[in-house]
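It should be emphasised that the depicted structure is a prediction, and the values quoted were computed from it without experimental measurement.
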Amino acid sequence: MKIQGLKLTQFKNYDSGQFVFSERLNCFVGKNGMGKTNLLDAIYYLCMCKSHRGVNDRNVVKHSTEFFRLEGYFLNEKKIEKKSKSKIKIVAKVQPGKNKEIEKDDVAYQKLSEHIGMIPVVIIVPDDTLMATEGSEERRRFLDNTLSQLDGDYLKNLITYNKILKQRNSALKKFAETRSFNAELVDIYDQQLIGPAQVIFEKRKEFINSFRPVFKEFYQDISSGQEKIDCIYSSSLKYGDFANQLKESREKDRILTRTTCGIHKDDLVFRIETHLLRKFGSQGQLKSYVLSMKLAQYDFLKKNHISNPILLMDDIFDKLDEGRVQQLIKLILEKNFGQVFITDTHENRVEEIIKNFATDYKKFYIENGELKE
Amino acid sequence: MNFTSKLVQESVEAFSSLPGIGKKSALRLVLYLMNQPKETTHDFTAALINMRENIKTCSNCHNISDTEICGVCSDPRRDRSVLCVVENIRDVMAIEDTGQYRGMYHVLGGVISPIEGIGPSDLNINSLESRLEKEETKEVIMAVSPTIEGDTTIFYISKKLKDMAVKVSTIARGVSFGGELEYADELTLGRSIVARIPYQIKGE
């Protein structure tokens with residue numbers, strides 16, 4: 001999948017803007033705070049129906065305006081039938097406080113989840129290191145982001161699981177307030193949770209198994225380091241029957257008024273040699289680690305999705321020195337990555353590197369939310 | 001809006017306090033009533049007052065009723081062997097309008113949703129149980145919304161009724177009549193395929 005054109009209205013610091021992209025490589029250059037990352041976010045929004053850092057739509061709308069609108073013109077190139085190309089228009093109309101509307105070829109989706117996965121996308125940002133340093137939520141977000149783009153069934157089960165979980169927790173809170181307990185109702189929530197939990201667990205497990213070797217390979221390519229790294233899936237469902245676990249932790253759940261076991265507690269354990277990356281990894285290792293995760297995510301989506309993902313890379317020089325960036329760009333261009341977007345603060349740095357490769361590319365100079373020719 | 005008459009203003013405000021009616025529609029209604037004979041307004045308000053003063057909830061099925069026991073519950077021609085469990089009174093009206101059902105009803109008053117502060121004890125589940133104990137019901141039809149909360153409710157009630165000698169069924173879920181397959185959403189279509197039914201040749 002490729003994006004050929006983008007129109008923005010009142011999106012972040014853009015009042016209005018219009019872009020025509022290269023189908024291969026696009027660079028947004030400009031000083032800090034000019035709106036380079038916002039362009040990546042606009043493309044991401046059209047793919048995933050939300051801003052990439054889970055920012056509330058109220059903060060996506062341009063300051064002191066009421067709504068924003070994004071219009072993307074995509075080219076659908078399926079990998080199998082090379083000749084079948086079709087154009088798709090995606091429009092996002094968002095007025096915070098009201099239902100957001102996403103339209104495909106002028107027809108609004110009934111459910112946003114139907115859109116997710118149609119345009120696969122991977123975004124690489126400096127903040128990715130949070131995945132290694134913050135709580136498990138960030139790592140589950142990574143799992144969910146990858147799998148829901150590939151597998152509609154995964155996303156459906158995840159939505160169902162989260163809804164039931166919310167009801168179960170609300171029920172537990174209500175019981176605590178009223179000093180009562182309805183074991184029958186909790187029984188039913190437990191039984192309703194088991195089905196989706198099992199599906200999600202199996203799919204996550206299977207994903208990590210095929211993801212690990214690719215990830216390790218990327219790490220070696222980027223870091224040229226010899227240290228052994230690994231990424232291990234940890235879930236309470238590995239250790240026996242989920243139904244029993246729910247039963248055993250019921251008393252605990254009742255006291256804490258929330259559900260203490262289940263796939264919403266899953267985690268990925270990042271290891272370097274035999275240590276935890278979070279505790280013993282250097283800054284450089286941390287950055288290389290999460291970058292490899294993202295590139296492997298890209299590779300995984302590319303292999304398993306019917307169309308090539310769009311790759312969005314924000315400020316890669318933050319992560320790597322110039323030599324490594326050169327290596328990375330070489331990797332991207334050689335490994336036949338699809339359409340790529342890069343942002344950089346130095347006008348000519350990326351260009352110098354790209355010059356060495358004969359490839360089609362386009363440079364956009366961004367200043368104060370506007371494109372300067 | 002500026003009114004020269006306080007009387008008009010008050011009645012406009014009264015109308016526009018109703019859902020779905022704005023100031024302009026309210027004014028139109030008020031002006032209409034003003035130009036009609038006085039009896040029209042008298043009859044109109046009398047009907048409303050009478051409704052509000054005398055409307056009751058059926059003590060048996062919790063449907064709205066003019067009497068202690070509603071028309072459905074007291075009708076001897078209705079089939080007492082089937083009982084249809086619905087969320088609210090509007091569902092009763094919708095099913096009655098189909099003309100396909102001649103059994104009894106039981107209005108729950110909602111579905112189990114702790115997020116909205118509705119637990120099983122806030123619904124008419126206990127009265128359903130005591131009804132089933134004394135009535136000659138053979139089958140309970142769950143006509144509850146096909147949502148996660150609806151499922152929870154059906155599940156909960158079915159478990160409560162497990163030891164009673166009644167059959168529990170749910171209304172069919174699937175592709176709508178007169179609809180086209182390609183426009184049905186995946187979940188509905190998927191369920192319809194899984195829960196397919198044997199075809200019966202007409203007239204046999």
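Shown here is A:Lys89, whose NZ atom has more than 12 heavy atoms of other residues, nucleotides or ligands within 6.0 Å. Within 6.0 Å of atom NZ in A:Lys2, more than 12 heavy atoms from other residues, nucleotides or ligands are found, so the atom counts as buried in its surroundings. Counting non-hydrogen atoms of neighbouring residues, nucleotides and ligands closer than 6.0 angstrom, the CD atom of B:Glu13 exceeds 12 such neighbours. More than 12 heavy atoms of other residues, nucleotides or ligands sit less than 6.0 Å from atom CG of B:Asp79. Residue B:Lys6 places its NZ atom among 12 or fewer non-hydrogen atoms of other residues, nucleotides or ligands, all under 6.0 Å distant. Atom CD1 of B:Ile55 has more than 12 heavy atoms from other residues, nucleotides or ligands within 6.0 Å. Remark: A:Asn99 CG is loosely packed, at most 12 non-hydrogen atoms of other residues, nucleotides or ligands lying under 6.0 Å away. Residue-environment remark: CD (B:Glu139) exceeds the threshold of 12 foreign heavy atoms within 6.0 Å.
Across all non-hydrogen atoms, the minimal contact from B:Tyr156 to A:Leu185 is CE1-N, 3.8 Å. In plain terms, the two heavy atoms of B:Ile148 and A:Gln192 that are nearest each other are O-NE2, 3.9 Å. Heavy atoms only, all atoms of each residue included: B:Lys159 and A:Asp187 are closest at NZ-CB, 3.7 Å. Contact detail for A:Ala171 and B:Pro114: the closest heavy-atom pair is N-CB, 3.3 Å. Of all the heavy atoms in A:Lys174 and B:Gly119, the pair that sits closest is NZ-N, 3.3 Å.
Contact check on A:Lys163 versus B:Asp151 returns no salt bridge, with no Lys/Arg side-chain nitrogen under 4.0 Å from an Asp/Glu carboxylate oxygen.
For A:Lys166, the parts sitting under 4.5 Å from any heavy atom of chain B are the backbone and the side chain alike. Proximity to chain A (any heavy atom under 4.5 Å) is restricted, for B:Glu149, to the side chain, taken from C-beta onward. Using a 4.5 Å cut-off between heavy atoms, A:Phe175 makes no contact with chain B at all. For a residue to count as touching a neighbouring chain, one of its non-hydrogen atoms must lie under 4.5 Å from one of that chain's; by this rule A:Lys173 does not touch chain B. Neither the backbone nor the side chain of B:Ile154 has a heavy atom closer than 4.5 Å to any heavy atom of chain A.
When each of A:Thr178, A:Asn169, A:Thr160 is scored by its heavy-atom pairs under 4.5 Å with chain B, the top score falls to A:Thr160.
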